[in-house]
Peer 1: 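The structure that follows is given in the form of structure tokens.
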2 protein chains.
Amino acid sequence: MKTNLSTCCPPLLREHLQSSEAEQLAVLFRVLGEASRLQLLSLIAAQPTGAACVCELIEPLGLSQPTVSHHLKVLYDAGFLTKERRGTWIYYRVVPETLQAICGSLKLPDRKSAAP
Amino acid sequence: MKTNLSTCCPPLLREHLQSSEAEQLAVLFRVLGEASRLQLLSLIAAQPTGAACVCELIEPLGLSQPTVSHHLKVLYDAGFLTKERRGTWIYYRVVPETLQAICGSLKLPDRKSAAP
DNA sequence: TCAATATATTGACAAATATCGATATGCTTG
DNA sequence: CAAGCATATCGATATTTGTCAATATATTGA
């Protein structure tokens with residue numbers, strides 16, 4: 001169920017994208033294409049410890065607990081979050097490398113400046 | 001119909017994301033969350049001139065002309081592409097600033113390293 | 001073992017959207 | 001103006017997905 005970007009900064013926009021690579025990358029963008037999930041990332045990243053459990057995230061999002069759990073699972077499966085159990089609670093953390101990989105995928109090819 | 005990021009690198013993940021900001025950013029990610037659209041960006045960016053007309057994009061994508069036009073419109077409305085008419089053809093170009101803005105939105109808050 | 005709490009899963013429904021064929025619009029050239 | 005080509009829009013359909021209530025699972029503590 002979990003996906004993974006094998007390399008840190010694949011060429012992607014730098015050269016012609018195969019459809020399989022495109023689909024793999026599109027999955028990541030699709031996961032970020034939901035305001036609630038961006039807010040989750042933001043909330044978790046903003047914690048002093050860098051980690052947050054589900055119960056801390058429900059109220060600020062204004063969504064039901066199952067829905068929050070669902071979004072966390074989507075983020076986790078895509079590699080945006082790690083989770084760690086501590087007693088009854090499960091703490092989620094943002095994975096910086098995944099965000100960096102996406103960033104790297106958006107680089108354009110070098111171009112000799114100026115053209116008619 | 002067109003959206004716009006008012007600033008180049010809004011804070012976003014650096015601090016708590018308001019739901020309106022989150023939705024605005026999510027729209028951009030949603031546009032990229034489709035393999036065909038990533039391929040379009042890749043194909044256009046890979047042109048020697050940096051520009052491509054619709055008819056050049058149909059065959060490599062393997063989609064119908066209306067569908068390709070639709071995806072180009074979505075990319076255009078979101079600010080990922082510009083378009084310019086030259087006679088019968090319409091040339092699309094990638095807007096680097098929009099990609100950079102997305103990149104900037106994925107930066108995490110600075111964190112004092114090491115925590116139990 | 002039982003109760004309480006935190007989290008995950010299931011099932012169902014509504015909303016969003018990718019896709020296509022058909023058709024419209026716009027430009028160029030005879 | 002008519003024909004031909006490039007592109008856009010429309011209408012319909014199938015698929016995906018966000019959401020919740022209900023329920024299941026897992027952990028802790030009495």
Side-chain angles (χ1 to χ4, degrees), chain A residues 1-3 19 22-41 43-44 47 49 51-78 80-93, chain B residues 1-3 19 22-41 43-44 47 49 51-78 80-93:
Chain A
M1 190 64 95
K2 291 193 62 179
T3 55
S19 65
E23 180 51 41
Q24 200 179 348
L25 183 58
V27 168
L28 296 184
F29 284 120
R30 216 172 300 148
V31 168
L32 296 182
E34 180 65 33
S36 307
R37 290 198 280 262
L38 290 179
Q39 287 187 89
L40 281 174
L41 286 178
L43 279 166
I44 296 170
Q47 299 295 316
T49 61
C53 58
V54 184
C55 60
E56 296 176 297
L57 302 168
I58 295 173
E59 193 226 306
L61 246 71
L63 294 175
S64 72
Q65 177 267 316
T67 301
V68 173
S69 268
H70 165 70
H71 285 312
L72 289 170
K73 177 176 167 51
V74 171
L75 286 164
Y76 173 78
D77 287 344
F80 288 103
L81 295 176
T82 58
K83 61 167 148 180
E84 179 198 358
R85 168 148 243 151
R86 283 196 218 167
T88 313
W89 295 275
I90 296 183
Y91 283 90
Y92 286 89
R93 291 178 175 276
Chain B
M1 190 64 94
K2 292 193 61 180
T3 55
S19 65
E23 179 53 39
Q24 200 179 352
L25 183 58
V27 168
L28 296 184
F29 284 120
R30 214 173 301 148
V31 168
L32 297 182
E34 180 66 32
S36 308
R37 289 197 281 263
L38 291 180
Q39 285 186 280
L40 282 174
L41 286 178
L43 279 167
I44 296 171
Q47 300 294 316
T49 60
C53 59
V54 185
C55 59
E56 295 177 297
L57 301 167
I58 295 173
E59 193 227 306
L61 247 71
L63 293 175
S64 72
Q65 177 267 318
T67 301
V68 173
S69 267
H70 165 69
H71 286 312
L72 288 170
K73 178 177 166 53
V74 171
L75 285 164
Y76 173 79
D77 286 343
F80 289 103
L81 296 176
T82 58
K83 62 169 148 179
E84 180 198 359
R85 168 148 242 150
R86 282 197 219 165
T88 314
W89 297 274
I90 296 182
Y91 284 90
Y92 286 90
R93 292 179 174 274

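All chains are named by letter (A, B, ...) in the order of the sequence lines, taking the proteins before the strands, and each is independently numbered beginning at 1. Because the structure is a prediction, the values reported are computed rather than measured.
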Peer 1: Tell me which of B/V68 and A/C55 sits closer to the 5' end of DNA chain C, going by the nucleotide each one is nearest to.
Peer 2: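 In this pair, the answer is A/C55.
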Peer 1: With B/K83 as the cation and B/Y92 as the aromatic partner, state whether NZ or CZ is under 6.0 Å from the six-membered ring centre and within 45° of the axis.
Peer 2: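 Here B/K83 fails the 6.0 Å and 45° test against B/Y92.
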Peer 1: Rounded to the Å, how far apart are A/W89 CH2 and D/dT28 P?
Peer 2: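 Roughly 9 Å, once rounded to whole Å.
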Peer 1: For the pair made of CZ in B/F29 and P in D/dG18, what is the distance, rounded to whole Å?
Peer 2: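 Nearest whole value for this atom pair: 15 Å.
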Peer 1: To the nearest angstrom, how far is A/R30 atom CZ from D/dT15 atom P?
Peer 2: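 Whole-Å distance recorded here is 16 Å.
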Peer 1: For A/V31 versus A/A78, what's the shortest heavy-atom pair and its separation?
Peer 2: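 Nearest heavy atoms, A/V31 then A/A78: CG2-CB, 3.8 Å.
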Peer 1: Could you state the atom-to-atom distance from CG of B/L75 to C1' of D/dT7 in whole Å?
Peer 2: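 Checked: the CG to C1' distance equals 16 Å.
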Peer 1: Between D/dA6 and B/Q65, counting only base atoms on the nucleotide and side-chain atoms on the residue, is there a donor-acceptor pair under 3.5 Å?
Peer 2: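 Per atom types, no contact qualifies.
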Peer 1: Looking at the side chain of B/P66, which of D/dT27, C/dG21, C/dA18 is the nearest nucleotide?
Peer 2: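 The closest nucleotide is C/dG21.
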Peer 1: Nearest nucleotide by nearest heavy atom, which residue falls closer to the 5' end of DNA chain D, A/L63 or B/I58?
Peer 2: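 Going by which nucleotide is closer to the 5' end, it is B/I58.
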Peer 1: Would you say A/T88 places a side-chain N or O within less than 4.0 Å of OP1 or OP2 belonging to C/dA6?
Peer 2: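 For C/dA6, neither OP1 nor OP2 has a side-chain N or O of A/T88 closer than 4.0 Å.
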Peer 1: Whole Å only: how far is the CD atom of A/E56 from the P atom of C/dA6?
Peer 2: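 It works out to 11 Å between those atoms.
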Peer 1: Can you check whether B/K83 has a side-chain N or O nearer than 4.0 Å to OP1 or OP2 of D/dT7?
Peer 2: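 Checking B/K83 against D/dT7: no side-chain N or O falls below 4.0 Å of OP1 or OP2.
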Peer 1: Identify which nucleotide among C/dA18, D/dA8, D/dG18 has an atom closest to any side-chain atom of A/E34, counting heavy atoms from C-beta outward.
Peer 2: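 Closest nucleotide to the A/E34 side chain: D/dG18.
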Peer 1: For C/dT19 and B/H70 - does any side-chain N or O of the residue sit under 4.0 Å from the phosphate oxygens OP1/OP2?
Peer 2: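 Checking C/dT19 against B/H70, no side-chain N or O comes under 4.0 Å of OP1 or OP2.
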Peer 1: Of the non-hydrogen atoms in A/C53 and A/Y91, which two are nearest, and what is the gap between them?
Peer 2: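 Smallest heavy-atom distance, with atoms named: N-CD2, 3.8 Å.
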Peer 1: Is the phosphate of C/dA18 approached by B/R37 (side-chain N or O, under 4.0 Å from OP1 or OP2)?
Peer 2: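 Yes.
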Peer 1: Between C/dA6 and A/Y92, is there an OP1 or OP2 to side-chain N/O distance shorter than 4.0 Å?
Peer 2: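 Checking C/dA6 against A/Y92, no side-chain N or O comes under 4.0 Å of OP1 or OP2.
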Peer 1: Which class fits the ring pair A/F29 and B/F29: parallel under 30°, tilted 30 to 60°, perpendicular over 60°?
Peer 2: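 Geometry flag for B/F29 against A/F29: parallel rings.
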Peer 1: How many whole angstroms separate atom CG of B/L72 from atom C1' of D/dT9?
Peer 2: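 Interatomic distance, CG of B/L72 to C1' of D/dT9: 14 Å.
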Peer 1: Of all the nucleotides listed (C/dA8, D/dT7, D/dT19), which has the minimum atom distance to the side chain of A/H71?
Peer 2: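 My answer, after comparing the listed nucleotides, is D/dT19.
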Peer 1: Taking for each residue the nucleotide of DNA chain D with the nearest heavy atom, is it B/I90 or A/T67 whose nucleotide lies nearer the 5' end?
Peer 2: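 Per heavy-atom nearest nucleotide, the more 5' residue is B/I90.
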Peer 1: Could you give the CD-to-C1' distance, from B/E84 to D/dA6, as a whole number of Å?
Peer 2: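 Those two atoms, CD and C1', are 16 Å apart.
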Peer 1: Identify the two heavy atoms, one from B/S69 and one from B/V54, that lie closest to each other, and give their separation to 0.1 Å.
Peer 2: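 Distance-wise, the nearest heavy atoms are OG-CG1, 4.2 Å.
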Peer 1: In whole angstrom, what separates B/Q39's CD from C/dA18's P?
Peer 2: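 Distance check: B/Q39 CD to C/dA18 P gives 14 Å.
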